[in-house]
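Below you'll find the structure, written out as structure tokens, and then a few comments.
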Amino acid sequence: MKRREKLILQILLVDDEQYVVDDLELAFPWQDFGIEKVYKAYSGAQAIQMIGQYPVDIVITDIAMPGMSGLELVKQVRKTHRRIKCILLTGYAEFEYAREALQYGVAEYLVKPLDHQKLRAALESTIKTIKKEIDRTASYEQAMLAFREHLPALKDKLLAELIQGKSYPQERLKDKLSGYQIDFQLNDRVFLILIRLEEHFTNFGPDSQLLFEYAVTNIACELLGPGFELWHGRDAYENLVFIVKSSETGAVDPDKILKQLTHNTHQLHSSVNEYLNGGISVILSYPGEFPLDIRAMYEDSQSALRQQVGNDQGYFISLTDKQKSSPVQPLKDLYASPTLMHLLETGQWQGYKERLQQLREFSNNLPSYNEEYIEEIRTMILGSFHYIAHKNHSLLSDLVGRELLDKTLFRSVSQLVSWGEALVDTLQGKLERDTQNNRMGIVKEMQSCIASNLAEASQQFVADAVSLHPAYVSRLFKQVSGISISEYILNRKMEQAVASLRNSELKIYEISEQLGYANSQYFIKVFKEQFGMTPQDYRGKL
């Protein structure tokens, strides 16, 4: 049944304490949220049975239940009814519970005693999620239509990434090729054709340029299509790029394939001049393996293109062999994504060191390197550290020291990389110590808040005072102090209770009220659990 105009929902309340479920059913205005039916279950097993019988949309369940716990119930629901949204209700306010709940896809996490305003907010958020999922399902056909419309752009983008050297895991690349309907497989023997439109075409505006590119692409597909599979796109320099492979299956004659492809590209070069009255320059690469050799084939073709000044007729070049390596090569790994700056910004200290090691290995494989390489690497390393220091509102010299920062004499890339690693270790240690000090400062602020407001102190009260989320307050306090914030508050209350019993004539109920216990009997119970005797017995022994 489609729920488009008005969303009608059904909910299941689960708690082993029957009065909690019964009271919640009666006290909350479910109809205001479009919930027409409220089901009740008093155990996890009963809840599973009811979910199998009724079209439940939302489950609100307690965590702590005998037999099947709330988390186990949620886990089972996720396995069999993924569309159902789960809201956890519990008396435990610890971060670990919330984290485990999120792991199972829980929509919301509420703490007892239940605040109806927070329940309202949780339901609104959950119902909004349900509506979005329904809309996504209803718009599947529109999404597929949009995908087909954008398919040429997706193919073009993937080709641009491959010629620029982006590496994909094999399975992911296979999925992309299949999803984009590109008839190329890993390890295919391929050629690359690079085409530049020359002066005649570039004299026109951008719109006309696109039309000419479209026309040249059509001619290329018409001439190369018979006998070959094509995948084409544009590079960053507005050149046309074609990846080409033979359509023949089984054993093929490489020389025959190359001869046919050379003939067809010659014909392409001539046909554009004849039919479009303008020239193109065409580079036909040597054969290579897809996708391993694509970047090298493209760069060698681009290099050959740059070495020729175009003219109105253009020219045709076939690269029969890879170009000889030059002793001067760009340090591509230095600028690869993620950049050195991004690695520091996201705290990927080990990733930064690994990038430095890549530079060390790259330099070892160069025919030679000179002082400009060293200066280039040093400038990039230093720039990334200046950036992260200033982002932390500090001077780099204050974080790592002038002695390390002023080191400038390097005789090798290996020395430079070692210096960069030392900077990483020093900066990481400094920032992590600063973070720890900041955490300790926050915890001290919490402890001061508790001391000043002992009667009102609770995890939520302290969280509001320091403007942090209660779950984060709980985790941070325990990480720094070693005990939970609830345990700390209890300890402080018991210490104050002992002091009042020793140093005042206050009655037991008065001490109870001072410590925030509305029920003196509960205070007596807590005190006895802590010290093994009642407050009155304790005072009697003084």
Side-chain angles (χ1 to χ4, degrees), residues 1 3 7-130 133 458-460 470-471 474 484 486 519 522 525-526 529:
M1 181 178 67
R3 298 174 179 176
L7 193 60
I8 305 300
L9 301 172
Q10 299 189 19
I11 196 167
L12 173 62
L13 308 179
V14 188
D15 199 312
D16 62 305
E17 297 180 307
Q18 182 173 341
Y19 75 90
V20 173
V21 172
D22 294 343
D23 290 349
L24 187 57
E25 178 197 17
L26 297 174
F28 193 80
W30 303 105
Q31 294 78 8
D32 294 352
F33 297 86
I35 297 174
E36 65 174 4
K37 183 66 177 177
V38 179
Y39 300 101
K40 298 181 292 182
Y42 306 113
S43 69
Q46 185 182 6
I48 291 295
Q49 183 179 6
M50 297 185 72
I51 287 171
Q53 294 177 347
Y54 304 107
V56 174
D57 298 286
I58 302 172
V59 172
I60 299 181
T61 179
D62 187 26
I63 283 185
M65 295 189 295
M68 179 183 291
S69 70
L71 286 178
E72 291 170 337
L73 171 60
V74 170
K75 188 176 181 181
Q76 184 64 31
V77 169
R78 293 291 294 171
K79 285 182 179 179
T80 58
H81 299 77
R82 293 188 64 85
R83 68 174 185 81
I84 296 179
K85 305 303 174 188
C86 298
I87 298 175
L88 280 180
L89 176 61
T90 181
Y92 299 103
E94 294 297 329
F95 175 78
E96 288 75 16
Y97 284 94
R99 180 169 59 186
E100 188 174 2
L102 293 175
Q103 176 185 337
Y104 294 138
V106 171
E108 296 288 341
Y109 179 82
L110 301 175
V111 178
K112 290 181 178 179
L114 183 60
D115 184 326
H116 280 203
Q117 286 300 113
K118 291 184 178 180
L119 177 56
R120 284 177 174 272
L123 281 175
E124 289 173 356
S125 174
T126 303
I127 293 171
K128 185 177 181 181
T129 299
I130 293 174
E133 291 181 357
S458 67
Q459 180 174 307
Q460 184 66 56
S474 174
S484 70
S486 300
N519 188 326
Y522 181 72
K525 177 177 177 294
V526 172
E529 289 176 349

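Sequential numbering from 1 along the given sequence is applied to the chain's residues.
Using a 4.5 Å cut-off on side-chain heavy atoms (C-beta onward), K75 and L71 make no contact. Here the side chains of I8 and D57 are not in contact, with every heavy-atom distance at 4.5 Å or above. Taking 4.5 Å as the limit, every side-chain heavy atom of V56 sits out of range of all side-chain heavy atoms of V77. Taking the side chain as every heavy atom from C-beta outward, I35 and F28 never approach each other to under 4.5 Å. Looking at V14 and L12, their side chains come closer than 4.5 Å, going by heavy atoms from C-beta outward. Contact of the C86 side chain with the T61 side chain is not registered, since no non-hydrogen atoms from C-beta on lie closer than 4.5 Å. Two residues are said to be in side-chain contact when any heavy atoms from C-beta on lie closer than 4.5 Å; F33 and I58 fail this criterion. In this structure, V20 and D62 have side chains that are not in contact, with every pair of non-hydrogen atoms separated by 4.5 Å or more.
Taking both residues in full, the closest heavy atoms of G67 and E72 are given as O-OE1, 3.6 Å, listed atom of the first, atom of the second, then distance. Of all non-hydrogen atoms in A107 and K85, the two that sit nearest each other are CB-CB, 4.3 Å. Considering every non-hydrogen atom in both D16 and P66, the closest pair reads OD2-CD, 3.4 Å. Looking at every heavy atom in both residues, P470 comes nearest to Q460 through CG-OE1, 3.3 Å. For S125 against E108, the heavy-atom pair with the smallest separation is OG-OE2, 3.0 Å. Looking at every heavy atom in both residues, A41 comes nearest to M50 through CB-SD, 3.9 Å.
More than 12 heavy atoms of other residues, nucleotides or ligands sit less than 6.0 Å from atom NZ of K40.
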**Request:** For side-chain contact (heavy atoms from CB on, under 4.5 Å), just list the numbers for I48 and M68, CA-CA rounded to whole Å, side-chain angles, deciding distance to a tenth of an Å, and then say yes or no.
**Result:** CA-CA 10 Å; I48 291 295; M68 179 183 291; 4.1 Å; yes
**Asked** Could you go step by step and tell me if D32 and R120 meet the side-chain contact (heavy atoms from CB on, under 4.5 Å) rule?
**Response** CA-CA 10 Å; D32 294 352; R120 284 177 174 272; 4.1 Å; yes
**Request:** For L24 and D15, run side-chain contact (heavy atoms from CB on, under 4.5 Å): C-alpha distance rounded to whole Å, both residues' side-chain angles, the deciding distance at 0.1 Å, then the answer.
**Result:** CA-CA 11 Å; L24 187 57; D15 199 312; over 6 Å; no
**Message:** Quick one, I127 with L7, criterion side-chain contact (heavy atoms from CB on, under 4.5 Å). Give me CA distance, side-chain angles, the key distance, then yes/no.
**Reply:** CA-CA 9 Å; I127 293 171; L7 193 60; 4.0 Å; yes
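Of the inter-residue distances, the one linking I60 atom CD1 with L114 atom CG reads 7.5 Å to the nearest 0.5 angstrom. How far CG of L13 is from CD1 of I87: 10.0 Å, rounded to the nearest 0.5 Å. To the nearest 0.5 Å, atoms CG (D23) and CD (E17) are separated by 11.0 Å. From R82, atom CZ reaches atom OG1 of T80 across 10.5 Å, with rounding to the nearest 0.5 Å. In this structure, L89 CG and Y109 OH are separated by 10.0 Å, a value rounded to the nearest 0.5 Å. Rounding to the nearest 0.5 angstrom, the gap separating the CG atom in N519 from the NZ atom in K525 is 11.0 Å.
For residues 42-55, every residue pair satisfying the side-chain hydrogen bond (donor to acceptor under 3.5 Å, both in side chains) rule, not counting sequence neighbours, is listed here: D22-Y42.
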